[in-house]
Amino acid sequence: MRIDIITIFPDYFTPLDLSLIGKARRSGLIDVRLHDLRRWTYDRHHTVDDTPYGGGPGMVMKPEPWGEALDEITADADAGTPRLILPTPSGLPFTQQDAVRLAKEPWLIFACGRYEGIDARVAVDAAQRMPVEELSIGDYVLNGGEVATLVIVEAISRLLPGVLGNVESITQDSFAPGTMDNLVEGPVYTKPPVWRGHEVPPILLSGHHAAIDRWRRDEALRKTARNRPDLIRRLDPESLDKRDREV
Ligand SMILES: COc1ccc2nc(C(=O)O)sc2c1
C-alpha cells in the first residue's frame with residue numbers, strides 16, 4: 001500500500017518510523033510519503049491560510065496549495081487512482097469496519113487540515129478525479145488532522161498482511177468483523193498466576209480451550225454491555241447464541 005500524507009507539520013509523523021509500521025515501511029510493505037504543503041506556496045512567508053469568507057474567527061487553509069499538491073502527487077499515473085482521506089471533526093465516524101475496508105485500497109492520500117479547516121472547494125475539485133472521504137476519529141476536536149491521520153494510518157496498516165507477526169490477534173481485536181463484530185475485548189492476563197493477591201481467572205489456566213473461548217466471549221459481552229451499551233443495541237440478534245443471551 002502507498003500512503004501519501006500532505007501536512008504543514010511533517011515531523012508529526014516520525015512515529016510512523018517506529019515499531020511494526022516502521023518495520024513494514026523498511027521492508028517495503030507500506031510506502032509512506034510525507035509532503036510539506038508549504039512546498040506548493042511561493043510567497044516569502046509560505047502562506048497557507050487566509051481569513052474566512054463571511055467573517056468569523058480563525059483562518060481557513062487556502063485552496064491553491066492543496067490543488068497543486070494533489071495535482072503533482074496524483075500525476076503519478078502508474079500508481080492508479082488514489083482515495084483521498086480528509087480527517088475533519090465534521091466527517092463520518094471512522095470505525096474498525098472502515099479500517100478493514102481501507103486496508104484493501106492500494107493507494108491512500110491524507111490531507112491534514114489545520115486552523116478552521118481546508119477551503120471546501122478542495123474536496124469538491126478532488127472528487128472530480130478520485131474518491132474523497134471525510135472521516136472523524138471521535139466526537140472531540142483536535143488542532144489539526146495530523147493526529148487523526150496517525151490514528152487512521154495505524155488502524156489500517158496493522159491489518160495489512162505481514163505487518164503484525166501474529167495475524168490471529170487481529171481476529172480477536174475489539175470490533176473485529178466476525179466474532180468480535182460490535183464487541184469490545186474482555187480482560188487479558190499473563191504471568192504470574194497470582195500478583196499482589198490478585199489471581200488470574202482459573203478458567204484461563206484450565207487448558208479447556210472451548211471453555212476458555214466461551215469465557216472470553218462472555219467477558220467481551222459483559223464489558224461491551226458495561227462500557228458500550230450503544231454497541232450492544234447494534235448487535236445482530238441472529239449473531240447471539242442462547243448462552244450469549246444469558247450473559
Ligand atoms: C483543521 O483540521 C482539523 C481540526 C480538527 C480535527 N479533529 C479531528 C477529529 O477526527 O477529531 S480531524 C481534524 C482536522
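Read the numbers this way: they start at 1 and go in the same order the structure lists the ligands and their atoms.
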Determine whether [X] and [Y] make a side-chain contact, defined as any pair of heavy atoms from C-beta on separated by less than 4.5 Å.
X: Met1; Y: Ile156; result: yes
X: Pro131; Y: Thr81; result: yes
X: Arg38; Y: Thr7; result: no
X: Val153; Y: Phe110; result: yes
X: Asp119; Y: Lys62; result: no

Enumerate the atoms of ligand 1 whose separation from the nearest heavy atom of [X] is less than 4.0 angstrom.
X: Arg114; value: 1 (C), 2 (O)
X: Tyr115; value: 1 (C)
X: Gly145; value: 2 (O), 3 (C), 14 (C)
X: Gly138; value: 11 (O)
X: Pro87; value: 12 (S), 13 (C), 14 (C)
X: Gly117; value: 1 (C)

Mind checking whether [X] has an N or O less than 3.5 Å away from an N or O of ligand 1?
X: Ile137; value: yes
X: Tyr140; value: yes
X: Gly113; value: yes

In this structure, atom 7 (N) of ligand 1 is nearest to the protein heavy atom Leu142 N, 3.3 Å

What protein heavy atom lies closest to atom 13 (C) of ligand 1? Include the residue and the distance to one decimal.
Pro89 CD, 3.6 Å

Would you say [X] has more than 12 foreign heavy atoms packed within less than 6.0 Å of its [atom1]?
X: Asp43; atom1: CG; answer: yes
X: Asp139; atom1: CG; answer: no
X: Glu154; atom1: CD; answer: no

May I ask you to decide if Ala210's main-chain N or O and Asp213's side chain share a donor-acceptor pair within less than 3.5 Å?
no

How does Phe94 reach ligand 1, if at all, at less than 4.0 Å between non-hydrogen atoms: by side chain, backbone, both, or neither?
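Answer for Phe94: neither.
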
Using heavy-atom distances, let me know which of Val60, Asp139, Thr88 sits nearest atom 12 (S) of ligand 1.
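Nearest heavy atom to atom 12 (S) of ligand 1 lies in Thr88.
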
